[in-house]
There are 2 protein chains.
Amino acid sequence: MSIILDTTLRDGSYSNFFQFSISDVVKIVTGLKKAGIGYIEIGHGVGLGASEKGYGKSLHTDEEYISETKKNIDGAKFGAFCIPGIAELDALRMAADYEMDFVRIGTDVTKIKSSEPFIKLAKKKNMFVSANFMKSYALDAEQFAMKVLESESYGADLVYLVDSSGGMIPSDIEKYYNEVRKKTSIPLGFHGHNNLGMAIANSIYAYELGFEFIDTSLQGLGRSSGNAPTELLIALLMKKYDVRKYDMFKLLEIGAEYVRSFIKINGYRALDIISGYSDFHTSYMPFIHDICSETNVNPLELIMKYSEIDKVNMDLERLRQIASNLTESKKDLKIFDFKSYYGGEQGVQKSSK
Amino acid sequence: MSIILDTTLRDGSYSNFFQFSISDVVKIVTGLKKAGIGYIEIGHGVGLGASEKGYGKSLHTDEEYISETKKNIDGAKFGAFCIPGIAELDALRMAADYEMDFVRIGTDVTKIKSSEPFIKLAKKKNMFVSANFMKSYALDAEQFAMKVLESESYGADLVYLVDSSGGMIPSDIEKYYNEVRKKTSIPLGFHGHNNLGMAIANSIYAYELGFEFIDTSLQGLGRSSGNAPTELLIALLMKKYDVRKYDMFKLLEIGAEYVRSFIKINGYRALDIISGYSDFHTSYMPFIHDICSETNVNPLELIMKYSEIDKVNMDLERLRQIASNLTESKKDLKIFDFKSYYGGEQGVQKSSK
């Protein structure tokens, strides 16, 4: 039986540019807990330290979100996201002072080395520690499984398969699961996005496979196309898998009353869909916008071509070079709704050439 | 290889209360055709005759939608929906005069007898005829397969499994498919809704099983939680199944430019989710609203309890009786967004008691 980890207040904070009030936090945490959700992630969408480091100023500080959640958590577990480099180790020490239960150390799947000191400190502080492998699709299943062993050697209690651009299907998830299980029995989590409409189906399949943790958010609130909606996953588990431990009505009500109004994106954005198709991280969207404005190329084509070469990093020199080889498009950039994207948190790197 | 049938202009017309302009029709039909979509459904969401029969006045008449589509269809196939009783046989004669290529005769899966004269006339007029079994989930797979044989005996070329309330999962679809295939090789279609977030996954699974037709709509535009989005299904078929016959960029662009702004529902409505959970048809939502206003019961509970007894018909006497046995709720009905539902097209019937 998978554990549901709700990330409405963390991944969902992208949708309001990190402006959740303490009142939002208290209402949502209390509602989730009453509905039977045992793990709740809170704080800035880009994790500890992000607000001060220029990744979007949040309405409250990390410490305020953590201390107020602690006051209201009443038996459930709460935690935060933490990207090494954006977060410093001191952030973990602060969180530990409030007895934060878990932390999720997020790194690109290709760069997990940076997680080692964070995992070790968090373990020393008695937290339950997850290593979240962002852009997991950048490695094949066998390479991924080797990284899982590495995280386990750092002390991680749990490793997440992260479909950052929502382009996976169940058979992909099965491959990753099977390769990991050949090597280790460390608990696994799945974090899906909905770019190709598969977040719920992938999460249900992860449940069937035996993933120990599955991420959801009320109304699917989250970056880009959003996450697997908590309400839908619970409804399916109750309808088709005879799960009885959650209060579905409560989840539907708090989703409707406290969360749905935060959803500002209607329908499916073309840029989310092409990102799912291409395994492209939407945090790079501002760079796509800038290059397309300069060169008049079609952003759909640019994203697709760039991702054929690199699914992890953003190299502006290479992006510009690819754009220079594309023909001009007559599409008005306005139809792509670039302004609705937050971005930049994954950084830019110099060309490796 | 399944054929994609796009129903943006038909099922999607629920989303603007049947107000598509001729300009919308021309732009969307032309775009779909250019993108490689071969079957396009148009006209009033409730089908031929619905506008005059009081099921929501459409901006144009059936004849106007049909004649303007005919002028622009240029090699693709077009058709309309037709519910016997709402449509009269003369509507088929009119459509035939414009050489409409296909018609889909929609009846509740339990009431297909009424389709017989419509199927027979449409065949006589050389149309390709589909029998769409609304609320297919009301019968189990074996009973469903018997109904398929009956439709085939009337002359239907194709029968649709219709997940009207979006509560199915792939294993359900497989059961229906296998039972039908034990008895007949008549082509099958799948029409899914997204109440539990499974429209795309179910449609992809139907593709894998070998369904001959799959319904989609741009942006998922459609009644209730909407349909499987055309753009997403094509993106997945290209990414994971090596399908190469569609122009994905074109689909993303016309979805963004011509269709996305029609989506007025953000997030996931609690009433859609409970409908998917319960196999409840959202066309009955106005009755739920009225009874809940009178009695202060929780609409989520009322829908669930009613559907345990009847998944096909709306019997107001029974609904009121069920409500009288529920405890009062303190939830403000406003959180459920009843006003965003169109409804009533499935009619009401007297209590069978």
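So that the names make sense, note that chain A is the first sequence line, chain B the second, and so on, each numbered from 1. Since the model is a prediction, treat every value here as computed from it, not as a measurement.
For the pair B:Arg269 and B:Tyr341, the cation-pi test (distance below 6.0 Å, angle within 45°) is passed.
Looking only at heavy-atom pairs under 4.5 Å with chain B, the residue among A:Asp332, A:Asn194, A:Leu236, A:Asn202 that has the most is A:Leu236. Contact count versus chain B (heavy atoms, under 4.5 Å) is highest, among A:Gly255, A:Gly220, A:Ser278, A:Pro229, for A:Pro229. The candidate with the highest count of non-hydrogen atom pairs below 4.5 Å against chain B, out of A:Lys334, A:Glu301, A:Arg260, A:Met304, is A:Arg260. By number of non-hydrogen pairs under 4.5 angstrom with chain A, the leading residue of B:Ile200, B:Ile204, B:Ile263, B:Leu232 is B:Leu232. Put simply, of B:Met248, B:Lys264, B:Lys240, the one with the most heavy-atom pairs under 4.5 Å next to chain A is B:Lys240. Of the residues considered (A:Val259, A:Leu218, A:Ile169, A:Leu221), A:Ile169 shows the highest number of contacts with chain B, using heavy-atom pairs under 4.5 Å.
Interface remark: B:Phe262 contributes no atoms to any contact with chain A (heavy atom separation under 4.5 Å).
Between the CG atom in A:Asp272 and the CG atom in A:Leu196 there is a gap of 9.5 Å [rounded to 0.5 Å].
Side-chain contact of A:Thr230 with A:Asp6: a donor-acceptor pair under 3.5 Å is present, judged by distance alone. Between the side chains of B:Glu174 and B:Tyr205, at least one donor-acceptor pair of N or O atoms lies under 3.5 Å. One side chain, B:Asn298 or A:Glu253, offers a donor N or O that lies under 3.5 Å from an acceptor on the other.
In this pair, B:Tyr207 and B:Tyr241 present their aromatic rings perpendicular. The plane angle is above 60°, beyond the 30 to 60° band.
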